[in-house]
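Computed from a predicted structure; not experimentally measured. Side-chain atoms are counted along with the backbone in the values below, which use heavy atoms only and exclude waters and symmetry mates.
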Amino acid sequence: MDRNSVKNSIKIFLMLIPSLTILLSVYLYPFILAILISVVDSSGRLTLEHYSYVFTVYAQDVVFTIAVCALSALVSLLISISIASYIRLSLDEGFRKILNWIFRFPLFIPMVVVAQMMRTFLAPHGFLNTLLAQIGFIELQEAPNLFDWRGLLIGFVWKQTPFMALIILSGFAMVSDVHIDAARVLGAGRLYIVRRILLPMARGSIAIAFALTFASNIGTFTLPYMIIGGAKPTTMTVIMAHRVTYFGDWSIANALGVISYAVVGLFSIAYLREAVRAGVYERERV
Amino acid sequence: MRGRGYRIQHTVTAALKITVLLVLASWVFAPFVSVVLWSVARKWYWPSLLPQELGLDYWYEALGLRRGYALTAAVGIIDALKTSIVIALIVTVITELISLPTAYALAKWRIPLKPLLVFLFLMPQAFPLQPVYVNLLLIFYRLGLAGAVPGVVIAHIIPCLVYAVWINAATFKSIPPDYEESARVHGAGPLTTFFRITLPLSAPGLIASSVFVFLYSFDEFTGTFFIGLPNVVTLPMLLYSASGYNMQFASAVAITLLIPSIIFMVVLERFLKSEYIAKIG
């Protein structure tokens, strides 16, 4: 190695050292600690007892978490594809502008405020039920309590749809007008264009949007904590918090944490590989 | 006949568009209207759709202009607001200082093991953060950082650092190397070049990442919950604890939490990309 490249390596190292120190010590170390703590018993021997405890006591909640988060991501996906298609294909600029402005609104609302909104909106005698009762849709005396999977679904979909729509829109924007115009000239309807041109050509963006949303739902603590709390069934994040704050029990909490890593793992690794390969981190996204 | 058919089709299309907009607008704005109504409702008996009596009582209390029965919590909203702003400012300054050299190196230089680094710097985005916070609490207990502002600052820096590195790296990458090269050719040293050429040119991107980091920290819930409680009460923590016993007060706090986002949106709209904002909180 010549002098110059040694100097260069030292320079790079010095530039990276502050952020690497932070990430390795307060991110990666506790990340790996989660795995270690979850497989060790009180006397320090390797064990799977914490996992078997989770799967006997909390199996229902684990399944509940995965199901609600996947369903929410799926509903968000359908709505966001519709919004993105409307914006991409509408020839009416005014309509496009208004739509573009309205759908973004939830982006600017942090999750903790979304949770409070949903608490007022979905309460047994909250805004939604009163509204539905006014139209004669339900009886207010027997208004449904929505603070279960439905509240979680509504909250997730409300918050995540615009983010998904943005990613899918940037995918649709990369589909050249040439294809769309050609299909139009040949008499293709809007639905046909979406199904046969936009969706297949933007499937990368759609996959990333779904993966990120699902992973983000699985890891969300605020919304389920404020909407469902300790009621059964609840999400893994809420149980993790209860194990730590009520029982001082890090073993079960970490077993749940590792399960949540595993649940998002395949999606996340696919996303990370795609991100590294495509260099998404090096350019600003739309 | 052709004209009439066209007109009917036109009306149907217009009706469809208006329906789409109305449905979307009610879906998007109804929960917001609901929380605003709660914050100004003095009397609201069901089955009425709207409150019977409006008043700003809870706002006066929320803004500390009047002491009221809502403030049974140990911490008032003004204290929580101060804590939130102080933490967010510290987090912003530290995060930007740490992220700048890394972002520059990632954007401009060939780095060995780059894919591995990129992987590490994207991990906090791709995996749930809560298990990390849970174990950080365990570590911080021993270090005396649990329930203290420095601990909360560190907890906030983890996700913020990742976003700041990527936003700043993208910014540096977007500056054509020609400018820096011509400065160097004319005799400027590397530091002069950075401070006189690169930094001013990247100002919009750096402001964007700072605003993003500030908002993220201001709205952060999970890290503060595990590391900060019960001593460090930020605005989101106050909102959470108020939500259990006083819906009106909690709703006023919730809207207060939106104020910085709204200010930054209006003032700095062109610097900020919606996609960044989406990940807040």
Who among A:Val26, A:Ile37, A:Leu33 has the most heavy-atom pairs with chain B under 4.5 Å? A:Val26
Count the heavy-atom pairs under 4.5 Å between each of A:Phe31, A:Phe105, A:Phe267 and chain B, then report the option with the highest count. A:Phe105
For B:Ile139, is it the side chain, the backbone, both or neither that has a heavy atom under 4.5 Å from a heavy atom of chain A? side chain
Taking every non-hydrogen pair under 4.5 Å, which of A:Val263, A:Ile269, A:Ile218, A:Leu131 racks up the most with chain B? A:Leu131
Answer with side chain, backbone, both or neither: which region of B:Leu120 has an atom nearer than 4.5 Å to a non-hydrogen atom of chain A? both
At a heavy-atom separation under 4.5 Å, does B:Val253 approach chain A through its side chain, its backbone, both, or neither? neither
Are the side chains of A:Leu28 and B:Val132 in touch, meaning some heavy atoms are under 4.5 Å apart? no
Within-4.5 Å side-chain heavy-atom neighbours: A:Met111 and B:Phe221: no
Identify which part of B:Val20 has an atom lying under 4.5 Å from any heavy atom of chain A, answering side chain, backbone, both or neither. side chain
Could you check whether any side-chain heavy atom of A:Thr237 comes within less than 4.5 Å of a side-chain heavy atom of B:Pro128, counting everything from C-beta outward? no
Residue pair B:Phe225 / A:Val112, side-chain heavy-atom distance below 4.5 Å: no
Counting heavy-atom pairs under 4.5 Å to chain A, which of B:Leu37, B:Ile154, B:Ile98, B:Val33 comes out on top? B:Ile98
Tell me whether A:Tyr29 at atom OH has more than 12 heavy atoms from other residues, nucleotides or ligands lying less than 6.0 Å away. no
Do A:Tyr27 and B:Leu161 come within less than 4.5 Å of each other through their side chains, counting heavy atoms only? no
Checking heavy atoms, do the side chain of B:Leu117, its backbone, both or neither come under 4.5 Å from chain A? side chain
Contact check, side chains of A:Trp250 and B:Leu137, non-hydrogen atoms, under 4.5 Å: yes
Any non-hydrogen side-chain atom of A:Met117 less than 4.5 Å from a side-chain atom of B:Ser34? no
Heavy-atom closest pair (A:Pro30 atom, B:Leu136 atom, distance to 0.1 Å) is CG-CD1, 3.8 Å
Taking the six-membered ring where the residue is Trp, are the ring centres of A:Phe221 and B:Phe226 under 6.0 Å apart? yes
From B:Gln248 atom CD to A:Thr120 atom OG1, the distance as rounded to the nearest 0.5 Å: 10.5 Å
Would you say the side chain of B:Leu258 lies within less than 4.5 Å of the side chain of A:Phe108, judging by non-hydrogen atoms? no
Most chain A-contacting option - heavy-atom pairs closer than 4.5 Å, from B:Ser261, B:Ala250, B:Pro112: B:Ala250
Quick one: what part of A:Val258 sits under 4.5 Å from any heavy atom of chain B, side chain, backbone, both or neither? neither
Less than 4.5 Å to any heavy atom of chain A: does that hold for the side chain of B:Ile157, its backbone, both, or neither? side chain
Name the member of B:Ser99, B:Pro31, B:Ala126, B:Ala242 that forms the most heavy-atom pairs with chain A at distances under 4.5 Å. B:Pro31
Contact part of B:Leu229 toward chain A, heavy-atom cut-off under 4.5 Å: side chain, backbone, both or neither? neither
Validation row, ring centre A:Tyr225 to ring centre B:Tyr240 under 6.0 Å: yes
Is B:Leu16 close to chain A through its backbone or its side chain, or both, or neither, when contacts mean heavy atoms under 4.5 Å? side chain
A:Tyr261 side, atom OH; B:Met123 side, atom CE - distance, nearest 0.5 Å: 7.0 Å
Max heavy-atom pair count under 4.5 Å with chain B, selected residue of A:Met118, A:Met226, A:Arg243, A:Lys11: A:Lys11
Among B:Ala25, B:Ala105, B:Ala30, which residue forms the greatest number of heavy-atom pairs with chain A at distances under 4.5 Å? B:Ala30
